[in-house]
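Here's the structure we're looking at; comments come further down.
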Amino acid sequence: MLVDSHAHLNFQAYKDDLSEVIGRCRQANMRVINIGAAYDTSLKAVNLALAEPSFYSAIGLHPTHVYDEEFKTEHYQDLIASSRGRVVAMGESGFDYFHIPELLEKGVKSIAEIKAKQEEVFRAHIKLARENNLALVVHGRNGKDDNTAYQDIYRVLKDENFQKGVIHCYGGNLEEAKAFVELGFYIGFTGIITFDKTGALAEIAQWIPEDKMLIETDAPYLTPEPNRGKRNEPIYVQHVAAKLSQIRNKNIDEIVEITGNNANKLFDLK
Ligand SMILES: [Zn+2]
């Protein structure tokens, strides 16, 4: 079964034609997990999941938004309680060092303060995931001259002794990927793998144990080839599956089956 394990149909990018995009997901007989990045988009993700049987939701405050609003644990707990099981994960949360310069420009005092704040919010997500037996959708992004985001994610996950989740849109190196997998985490591949010229992702995709790989779009972003330049949407996740099938020398149907089973298992999709 085709599963897009990370999309944002809850974002403004779909305000004009959401029903058509949903229609194309239905036609493809696929499952989609919509991911929140703040309270309002988390609520939208839950509402989409309540309205559409093959949609699920993750709720959380993205690390780039930790200064836009407070992460209120009770509000997210209430969302889980009222979702009738349609919240399957906490997130996306984690560390984003790429956008630190913008936060400094907005007046946050120091890099250390930003990292500490992101860590505090990340740990609050892990706590809720643990208490509600949910998976964790982890966002990581290194800075231009700071390659420590994935190390910091690993440090926190290890310290929290938390194993159930995915490192989405993976952008770390192979060694770090090995450490995450050893911890029990899944690795999410996006459309970047269809145009990545460095070969780094292909190397990881070749190595990754079959039972730990997930595919995702991160729609509306990161549109895969051959649709690059257009807005992304869940049905394009098939191009990520196609690229993985090429790299791993497998039939695309098998890749779709394997990654679908993995998503169903990790997120307990029903
Ligand atoms: Zn995302």
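The model shown is predicted, which means the values in this text are computed figures rather than measured ones. Indexing begins at 1, ligand by ligand and atom by atom, following the structure's order. What you see below is based on every heavy atom in this structure, not just the backbone, and it leaves out hydrogens, waters and symmetry mates.
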Worksheet item: Sorted by chain and residue number, which protein N/O/S atoms are under 2.8 Å from the Zn ion (ligand 1)?
Response: His6 NE2, His8 NE2, Glu92 OE2, Asp218 OD1

What pairs of donor and acceptor atoms, side-chain ones from residues 12-20 against any protein atom, are under 3.5 angstrom apart with sequence neighbours left out?
residue	atom	partner	partner atom	Å
Tyr14	OH	Asn232	O	2.6
Asp17	OD1	Arg231	NH1	2.9
Asp17	OD2	Arg231	NH2	2.8

Discussion item. Using the side chain to side chain contact (heavy atoms under 4.5 Å, CB included) criterion, which residues pair with Glu69? Sequence neighbours excluded.
Written reply: Ala38, Tyr39, Leu61, Tyr76

Fill in: Partners meeting salt bridge (Lys or Arg N to Asp or Glu O under 4.0 Å) with Glu113 (sequence neighbours left out)
Lys109

Practice prompt. Check whether any side-chain N or O of Ser5 sits under 3.5 Å from a backbone N or O of Ile215 as a donor-acceptor pair, and report yes or no.
Written response: yes

Worksheet item: Side chains of Asn173 and Tyr150: do they bring a donor and an acceptor to under 3.5 Å?
Response: no

Worksheet item: When you check the side-chain N and O atoms of Glu233 and Asn227, is any donor under 3.5 Å from an acceptor?
Response: no

